[in-house]
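Letters A, B, ... mirror the listed sequences (proteins, then strands); counts begin at 1. Computed from a predicted structure; not experimentally measured.
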Number of protein chains: 2
Amino acid sequence: MDDEQLKLNNQICFPIYSVSRLITKAYKPFLEKMGLTYPQYLVLLVLWENDNISMSKIGEKLLLNTNTLSPLVKRMEKMELLQRKRSDKDERSVFIQLTPKGKELKNTAVPIPEKLLNTLMTEDVTLTEIMLLKDTLNKWSDILSEKQNDEQ
Amino acid sequence: MDDEQLKLNNQICFPIYSVSRLITKAYKPFLEKMGLTYPQYLVLLVLWENDNISMSKIGEKLLLNTNTLSPLVKRMEKMELLQRKRSDKDERSVFIQLTPKGKELKNTAVPIPEKLLNTLMTEDVTLTEIMLLKDTLNKWSDILSEKQNDEQ
DNA sequence: CAAAATTAAATCGTGCACGATACAAATTTA
DNA sequence: TAAATTTGTATCGTGCACGATTTAATTTTG
């Protein structure tokens, strides 16, 4: 049987899956100081760039459904990083606003990307290579998410 | 404040994180037919290549700890895909063997990698690009997992 | 050999992911 | 405008991930 393609080393998804987890782990020491998980950090990235937006808009940017985002954001509200407010215009929508505490956390976060890059870079994985990877994956992400949206 | 690096589009990890989830989603229709989740499929990939190996060896290959793997494998035992057996030589070790049902599933799985590749490829993401990505990520995965092992 | 250290699994608790479903508010349609 | 549909969010159940701790078996060390 021609099963060469079933070998772990020939899989495409497996390295993406494992590198994703390895990078999340690399974030941990930095995020721990702020009491954040990686998905929570992502929500803050969105809000720091664009405060007072709806749940659906956040989900759209992070490719997360409400069944993931809803409890995640509620935990962040409990941590007093943000506030949930139902829109007056459209009572279905919930808008998310950063609290002062949530805004302030940005200062702590500013040095993270560079620190992380230093952690991730090695002799064998150069900055150029990482940037190339990032661009390819960004392109792919756009295409795949659109594709999966179309399917339903 | 120079916060350009905090923008979502400039993040390195985010596209890896989202593409990983998007690809797992792309696997779903194929794996669903076999009643498998993606991590369960990974365990089978390992076993099809190397039957009757220990829990720790599987975890090493998939970069998964026992606290993830242990319940995962138990679920697969319940599905009668494999059997767990304590080693006689070393009573601490548990070795995993495929059942006939688990072995047979390989036949169903053989066409998956090609089908998936067709799903993942588009005009804008060529096979060459995907293969390049795979190699870079494989290299990175090796380096990062070793690095994180050293740290503790 | 006995005590200390190491190793292999398992368990516990928390937080994602996500399919499925529910539900109320808004919009479209007949 | 009333009925049907769509939209935005929330909830439920299941299955990962993973840090921390536990337990038992083996190996190392004094």
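Residues F14(B) and L62(A) meet the side-chain proximity criterion, which asks for heavy atoms closer than 4.5 Å. Counting only heavy atoms from C-beta outward, the side chains of L105(B) and L98(B) never approach each other to under 4.5 Å. Two residues are said to be in side-chain contact when any heavy atoms from C-beta on lie closer than 4.5 Å; L44(B) and M34(B) fail this criterion. Residues L81(A) and L36(A) have side chains in contact (heavy-atom distance under 4.5 Å, counting atoms from C-beta outward).
S54(A) comes within 4.0 angstrom of the backbone, heavy atoms only, and of no base. Using a 4.0 Å heavy-atom cutoff across all strands shown, F95(A) reaches no nucleic acid atom at all. K89(B) comes within contact range of the sugar-phosphate backbone alone, with a heavy-atom separation under 4.0 Å but no base atom that close.
With dC18(D), dA17(C), dA17(D) as the candidates, the nucleotide lying closest to the side chain of Y17(A) is dA17(D). Looking at the side chain of K28(A), the nearest of the listed nucleotides dA10(C), dA9(C), dG19(D) is dG19(D). The S70(B) side chain lies nearest to dA10(C) when the options are dT11(D), dA10(C), dA17(D). Closest to the side chain of R86(A), from the set dA25(D), dA24(C), dA10(D), is dA10(D). Listed nucleotides: dG19(D), dA9(C), dC12(D). Nearest to the side chain of N67(A): dC12(D). In the set dC16(D), dT11(C), dA25(D), the nucleotide with an atom closest to the side chain of L72(B) is dC16(D). You'll find that the side chain of R92(B) is closest to dT6(C), out of dG19(D), dT6(C), dA10(D). With distances taken from any side-chain atom of K74(A) to the nucleotides dA8(C), dT26(D), dA10(D), the minimum falls on dA10(D). Comparing atom distances between the M55(B) side chain and each of dA17(D), dA10(C), dG15(C) picks out dA10(C) as nearest. Of the listed nucleotides (dG8(D), dA10(D), dT26(D)), dG8(D) has the atom at the smallest distance from the side chain of S56(A).
Between R75(B) and dT14(D) there is no side-chain polar atom (N or O) within less than 4.0 angstrom of OP1 or OP2.
Across the protein-nucleic acid pair, L31(B) atom CG and dG15(D) atom P stand 15 Å apart, rounded to whole Å. Rounded to whole angstrom, the span from the CZ atom of R21(B) across to the C1' atom of dC16(D) amounts to 14 Å. Distance CG (L62(A)) to C1' (dC18(C)): 15 Å, rounded to an integer number of Å. I23(B) has its CD1 atom 17 Å from the C1' atom of dC18(C), to the nearest Å. Remark: C1' of dG8(D) and CD1 of I96(A) are 12 Å apart, rounded to the nearest angstrom. Note: CD (E32(A)) to C1' (dC18(D)) measures 11 Å, nearest angstrom. The nearest whole Å value for the distance from the OH atom in Y27(A) to the C1' atom in dC18(D) is 19 Å. Rounding to whole angstrom units, CD1 of residue I58(B) and P of dA8(C) are separated by 14 Å.
Not a single donor-acceptor pair, N or O on each side, falls under 3.5 Å between the base of dA8(C) and the side chain of T66(B).
Residue whose closest nucleotide on DNA chain C sits further toward the 5' end, between Y38(A) and N65(A): Y38(A). Residues T68(A) and D90(A) each lie close to DNA chain D; by heavy-atom proximity, the contact nearer the 5' end of the strand is made by D90(A).
For F30(B) and Y41(B), the gap between ring centers reaches or exceeds 6.0 Å.
The environment of CD in E104(A) is sparse: at most 12 heavy-atom neighbours from other residues, nucleotides or ligands sit within 6.0 Å.
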